[in-house]
Asks: 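Can you read through this structure? Questions will come right after.
Throughout, residue positions are numbered sequentially from 1 according to the sequence presented.
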Amino acid sequence: MGAWLVVLAVLALSCEKKEPDGGSTGTVQLIRAKVGTVYLDLQSPVVDIPVDKNAVIEFSNVLDTASARKSILLKKNGITLITGAWSFIDGNRTVAFTPAQNLEHYADYTLEITSSLKGVNGETFPGVIYNFKTVNGRMVISSITINGQPFMPPALPKNVSRTATEIIVTFSEALNPSDFQSYFSFQVPAAYALSDGNRRVTVTATATLDYYRRYSFIVASSLKGVNGFTFDGFSNSFITDLDPTPKFPLISDDELLELVQQQTFRYFYDFAHPLSGLARERNSSGDVVTTGGSGFGVMALIVAMERGFITRGDGLAHMDKILDFLETCDRYHGVWPHWLNGSTGRTIPFSEKDDGGDLVETSFLIQGLITFRQYLDPGVTAEQLLINRINALWQAVEYDFFTQGLNALYWHWSPNYGFNMNMMLRGYNETLICYVLGAGSPTHTISRDTYRYGYMNDGAILNGSTYYGITLPMGWPYGGPLFFTHYSFLGLDPRNLEDSYVNYWEQNNAHSLINWKHCEINPSGYVSYGSDCWGLTASDNQAGYGAHSPTNDLGVITPTAAASSLPYTPEPSMNAIKHFYYILGDRLWGEYGFYDAFNATAGWWGTSYLAIDQGPIVCMIENYRTGLLWDLFMSAPEVRTGLDKLGFTY
């Protein structure tokens, strides 16, 4: 019995030694195969296989490496053998094959494991074949230029010649000469030519392009190389240069100023609200009239009568209509709201809590009314009646109420929210006129300290810094929007205006010159900016509305900025007016003068008119030409009283 036990033990030991490690006796077990991270499938071909990755095949058995090198075959189209390097890992259970060079794009391959594969212990393998297709190749643009300038995004070529425009595109792969052109999209007629082995396309515009216009150039993503490589597509745009030829006949500078004034005045007369006579907020406002802009329009009415655009009788009749409305419309402590319904006289809220009196807009209106009053002849009974009516309106404005009993004026009062907005009139901005009128009011005056601690903030708004080599006495860095130098100074004469803090002529000159210099230097590289094309102020823009300035420069030029600065910067402003009219006039000149604003970089040309932008053009050009409105307003006794009280010399 003991002998038999020994024999059985030996047989058992013999059986254990013949069984391969980790697999079934007699057969090599395939686990899976992949190329890169993409697994292959024995049942169906796999597509989009990477061309630059290893093939990895995993088995459960330890392989005989010599047979593996001969039995695992990678072939193109099932025929051409791919050479490469072999490596074995995981105790020779996993084979990695690295092709000697990248596989071809968009080609059919087989990974064949033949039946000659053996395990280390002689296990056999039945043989399998994997089929796969490599990823389609990517065709790319190697370079693209327009008139020699880089044209690959994010580049935005500017000042591209309108008369000789050439785009050169070089691709990484050759194109099909028979159909490549159909994949290109250009907004102008063009000729297309292939070169450099059909990899380079030269696109030449065959027509003159429009000036300061953004053009797009597109190559469709459906374009393929002759080898089938796919393309991700291309799209970019460029902006053409200026057409410097005059769009209108040349006239003298004086004739041009006259034309600009007369055309712009029509906004306040021809386009005035038919019932109230006031100025509409903008050319699309319907019944919405604006009190401040109407004040500017009243001053423009004086210019129109003086220059014969309308008769004196027509001007006085228009003022009679305006006064009829102002005497009966909504007012709050004598103060008009920002917006009114021109038909009903009821308040139109400017914002939720701005539904009552607006002292700033009212002061602009009073500035206009006082100037008009000074233009009237008290020796004529009808005109004396207008004087009396203007006095009643002006003297009803309760400037003292709008101090809240403090040493400052406040912008708003609402019958529903009171002084909840609590917006102090603190300089440097457009609100100086409020303090001058408040101090000069014969019925509701304010103190000198109100100006000192309110508007001037006890001198804290002084500046003294230098920008572009120009010293700015007061206000924000780089001056802020240019309307600061216009609105209060349609009537206030800044030429000799000075107090213990600042000389306002020096202030307004410096502010205007800084604005001009900023546009001339053009630090942001905007299209159209230059010595003759400048002016940053509050206006419409491509996104809505904004207060533009050197520190908030969006590329928007607003004609009123330069035109209304004519008294401060005569040569730069006159050059700008001529540029806007002669060179850009086919886009910028309309029924009521210059349109509000444009942004050539963004391809936006506004077609709107705003009362607060049109009014200063008429008035400040007149002040440059004759000083008429300055002389009239400064002749008012209340204005002189106000200036004296606040410590001004003039």
Asks: Can you confirm whether or not the ring centre of Phe402 sits under 6.0 Å from the ring centre of Trp411?
Replies: no
Asks: Would you say the side-chain atoms of Asn463 and Ser465 include a donor-acceptor pair closer than 3.5 Å?
Replies: yes
Asks: Take the angle between the ring planes of Tyr451 and Phe648 and call it parallel below 30°, perpendicular above 60°, tilted in between.
Replies: tilted
Asks: If you measure from the Lys or Arg side-chain nitrogens to the Asp or Glu carboxylate oxygens, is any gap between Asp493 and Arg640 under 4.0 Å?
Replies: no
Asks: Rounded to the nearest 0.5 Å, what separation is found between the CD1 atom of Ile612 and the NE2 atom of His486?
Replies: 12.5 Å
Asks: Check the angle between the aromatic planes of Phe580 and Phe598 and answer parallel, tilted or perpendicular using the 30° and 60° thresholds.
Replies: perpendicular
Asks: Between the side chains of Thr560 and Thr558, is a donor N or O closer than 3.5 angstrom to an acceptor N or O?
Replies: no
Asks: Between Asp586 and Tyr211, is there a side-chain donor-acceptor contact under 3.5 Å, judged purely by atom types and distance?
Replies: yes
Asks: Return the CD1 to CG distance between Ile433 and Leu490, rounded to the nearest 0.5 Å.
Replies: 8.5 Å
Asks: Would you tell me whether Thr626 and Glu622 have side-chain atoms, one donor and one acceptor, within less than 3.5 Å of each other?
Replies: yes
Asks: Look at the side chain of Thr291 and the backbone N and O of Thr362, then say whether any donor-acceptor pair between them is shorter than 3.5 Å.
Replies: no
Asks: Using a strict cut-off of less than 4.0 Å between a Lys/Arg side-chain nitrogen and an Asp/Glu carboxylate oxygen, indicate whether Glu638 and Arg373 qualify as a salt bridge.
Replies: yes
Asks: May I ask you to check whether Ser524 and Asp553 show a side-chain donor-acceptor distance below 3.5 Å?
Replies: no
Asks: Using the ring of each side chain (for Trp, its six-membered ring), is Tyr529 parallel, tilted or perpendicular to Tyr526, with breaks at 30° and 60°?
Replies: tilted
Asks: Specify whether Tyr581 and Trp589 have parallel, tilted or perpendicular ring planes, treating 30° as the upper limit for parallel and 60° as the lower limit for perpendicular.
Replies: perpendicular
Asks: Taking the inter-plane angle between the rings of Tyr269 and Phe265 on a 0 to 90° scale, is it parallel (under 30°), tilted (30 to 60°) or perpendicular (over 60°)?
Replies: parallel
Asks: Look at the rings of Tyr468 and His518 and say which category their plane angle falls in: under 30° parallel, 30 to 60° tilted, over 60° perpendicular.
Replies: tilted
Asks: Establish, yes or no, whether a centroid distance under 6.0 Å links the rings of Tyr501 and Tyr428.
Replies: no
Asks: For a ring-ring contact (aromatic ring centres under 6.0 Å, His included) check, start with the C-alpha distance between Phe268 and Tyr592, then their side-chain angles and the critical distance, and finish with the verdict.
Replies: CA-CA 9 Å; Phe268 299 97; Tyr592 304 119; 9.3 Å; no
Asks: Hey, which of Trp604, Tyr609, Tyr267 is the one that makes ring pair (Phe, Tyr, Trp, His ring centres under 6.0 Å) with Tyr595?
Replies: Tyr609
Asks: Return yes if some donor-acceptor pair links the side-chain N/O of Ser447 with the main-chain N/O of Thr450 below 3.5 Å, else return no.
Replies: yes
Asks: Could you check whether the rings of Phe350 and His338 sit parallel, tilted or perpendicular, using 30° and 60° as the cut-offs?
Replies: parallel
Asks: Examine Phe419 together with Phe401 and report whether their ring centres are nearer than 6.0 Å.
Replies: yes
Asks: Kindly give the heavy-atom pair with the smallest separation between His511 and Pro481, and that separation in Å.
Replies: CE1-O, 3.3 Å
Asks: When rounded to the nearest 0.5 angstrom, what distance separates CZ in Arg448 from CE in Met456?
Replies: 11.5 Å
Asks: Rounded to the nearest 0.5 Å, what's the gap from SG on Cys533 to CG on Asn575? Could you check?
Replies: 11.5 Å
Asks: Can you list the residues that meet the side-chain hydrogen bond (donor to acceptor under 3.5 Å, both in side chains) rule with Trp534, with sequence neighbours excluded?
Replies: none
Asks: If we ignore hydrogens and angles and just use 3.5 Å, is the side chain of Asp613 paired with the main-chain N or O of Asp596 as donor and acceptor?
Replies: no
